[in-house]
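Please read the structure below before turning to the comments.
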Protein chains: 2
Amino acid sequence: MLIGELAERTGVSTRALRHYEDRGLLVPARNSSGYRVYAESDIARVAQIRAMIAAGLGTALIVRYLDCARGGAHGVHLDMCPSLRAELDAVSAHLTAQAARLRETRARLAHLSAA
Amino acid sequence: MLIGELAERTGVSTRALRHYEDRGLLVPARNSSGYRVYAESDIARVAQIRAMIAAGLGTALIVRYLDCARGGAHGVHLDMCPSLRAELDAVSAHLTAQAARLRETRARLAHLSAA
DNA sequence: CTTGACCTTGACGCCGGCGTGAACCCGTAA
DNA sequence: TTACGGGTTCACGCCGGCGTCAAGGTCAAG
């Protein structure tokens, strides 16, 4: 599968896919013409990446997540995951705090329009 | 109060304060030398602004919020607030969704390290 | 007068996830 | 051959909230 087809089937732009390769998130094989050749399983991988980006994670963190996932699958680097999970906790805490502050702001707005 | 003092008392950099003026969030008076002169009440206003930025709101939206607040205090523009509140709802929904996705990601991680 | 702390207005840099050309190769169909 | 719809690698642009010089004016103290 070439990049155009993967883009179409995942709904992700070719530019984004190339960007993911730059960041080491999804590195495809190459054919004799230098074209990127993707596997079927890469569709799922793209979905994973998109979900994590949508969750507010940066590509640098996602790379480590994928490494952790691969390591975990082979039973190696099991001690790397906890530190990563700690980072995810931190990001999660930030989002929670932001949501709380936003709720407070909305409360003030409601108070204003009630007055 | 000059900008340095306000910066010190609020913990916000002078650069940020000037930036807020550029964005129309906090426009101080000027003395004969062209120096920015802030009122005591601006300390509270800066706190407001900081809270809203921390909540993930952009300056463009915050300007409208402040206008709405002033308008609300005078009983004018009461019809502007609802649309603003809708935008706040949208931002809030985004944050909530991100938090949910992040939880999902963390769950997958936990699943991996357990396997 | 000089120093030094504080103020002024530009204006460029950064980060991050891409969009958007530019300029060029590949392979197939007409 | 030509055209065309793929692909390729740079490389600059954008947004947003500032950091960080740069090049000066202001003013009280020594």
Side-chain angles (χ1 to χ4, degrees), chain A residues 1-38 42 45-66 87 90-91 94-95 98 101-102 105, chain B residues 1-38 42 45-66 87 90-91 94-95 98 101-102 105:
Chain A
M1 174 174 26
L2 299 185
I3 196 171
E5 186 180 347
L6 181 58
E8 207 169 347
R9 293 175 66 181
T10 58
V12 176
S13 73
T14 60
R15 178 63 176 91
L17 293 175
R18 286 189 254 257
H19 178 62
Y20 297 158
E21 181 177 2
D22 283 347
R23 299 296 157 181
L25 298 182
L26 180 58
V27 182
R30 300 285 184 139
N31 68 15
S32 55
S33 304
Y35 288 19
R36 272 163 264 251
V37 178
Y38 294 90
D42 287 335
R45 182 175 283 265
V46 168
Q48 275 264 24
I49 293 171
R50 291 298 298 177
M52 300 184 73
I53 287 182
L57 303 180
T59 54
L61 218 160
I62 298 179
V63 167
R64 295 180 46 200
Y65 170 84
L66 293 176
E87 290 193 53
V91 178
H94 265 113
L95 288 181
Q98 284 184 344
R101 277 189 273 252
L102 192 48
T105 294
Chain B
M1 177 175 21
L2 299 185
I3 195 172
E5 186 180 345
L6 180 60
E8 207 170 345
R9 292 176 67 179
T10 58
V12 175
S13 74
T14 60
R15 178 62 176 89
L17 292 175
R18 286 189 255 257
H19 179 62
Y20 297 157
E21 181 177 3
D22 282 347
R23 298 297 155 180
L25 299 182
L26 179 58
V27 183
R30 300 287 184 138
N31 66 17
S32 55
S33 304
Y35 287 20
R36 271 163 265 252
V37 178
Y38 294 91
D42 287 335
R45 184 175 280 264
V46 169
Q48 275 265 24
I49 294 172
R50 292 297 298 176
M52 300 183 73
I53 287 182
L57 303 180
T59 55
L61 219 160
I62 297 179
V63 166
R64 294 181 47 203
Y65 169 85
L66 293 176
E87 290 193 54
V91 177
H94 265 112
L95 288 181
Q98 284 185 344
R101 278 190 273 252
L102 192 49
T105 294

Pick out the pairs of N or O atoms, protein on one side and nucleotides 20-23 of chain C on the other, that lie under 3.5 Å.
residue	atom	partner	partner atom	Å
C:dT20	O4	A:R15	NE	2.8

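Listed in residue order, the members of residues 50-57 of chain A having a heavy atom less than 4.0 Å from DNA chain C are A:R50, A:I53, A:L57. Listed by residue number, A:H19, A:Y20, A:S33, A:Y35 are the residues of residues 18-37 of chain A with a heavy-atom contact under 4.0 Å to DNA chain C.
Between A:L17 and A:Y38, some side-chain heavy-atom pair lies under the 4.5 Å cut-off. Between B:L66 and B:R45 the shortest side-chain heavy-atom distance falls below 4.5 Å.
In this structure B:N31 satisfies the side chain to side chain contact (heavy atoms under 4.5 Å, CB included) test together with B:L2, B:S33, B:Y35, B:V37, sequence neighbours excluded. A:R23 meets the salt bridge (Lys or Arg N to Asp or Glu O under 4.0 Å) test with no other residue; sequence neighbours excluded. Applying the side chain to side chain contact (heavy atoms under 4.5 Å, CB included) rule to B:R101 yields the partners A:A54, A:A55, B:A97; only residues at least two apart in sequence or on another chain are considered. In this structure A:R15 satisfies the side chain to side chain contact (heavy atoms under 4.5 Å, CB included) test together with A:S13, A:H19, sequence neighbours excluded. Residues satisfying the side chain to side chain contact (heavy atoms under 4.5 Å, CB included) test with A:E8, not counting sequence neighbours, are none. By the salt bridge (Lys or Arg N to Asp or Glu O under 4.0 Å) test, A:R36 is found to be paired with A:E21, residues two or more places apart in sequence or in another chain being considered.
Pairing each heavy atom of B:G4 with each of B:T14, the nearest pair is CA-CG2, 4.3 Å. The two residues A:V12 and A:A16 come nearest to each other via the heavy atoms CG1-CB, 3.5 Å.
Note: CD (B:E5) to P (C:dC6) measures 11 Å, nearest angstrom.
For the atom pair CG of A:L61 and OG1 of B:T105, the computed distance is 10.0 Å after rounding to the nearest 0.5 Å.
B:T14 comes within contact range of no nucleotide atom at all, as no heavy-atom separation falls under 4.0 Å.
Contact footprint of chain A on DNA chain D: nucleotides with an atom under 4.0 Å from a non-hydrogen protein atom, first to last in 5' to 3' order, D:dG6 to D:dA11.
Contacts classified as side-chain hydrogen bond (donor to acceptor under 3.5 Å, both in side chains) and involving residues 48-57 of chain B (residues at least two apart or in different chains) are given here: A:R108-B:Q48, B:Y20-B:R50.
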Verdict with supporting geometry, A:M52 and A:I49, side-chain contact (heavy atoms from CB on, under 4.5 Å) | CA-CA 5 Å; A:M52 300 184 73; A:I49 293 171; 5.9 Å; no
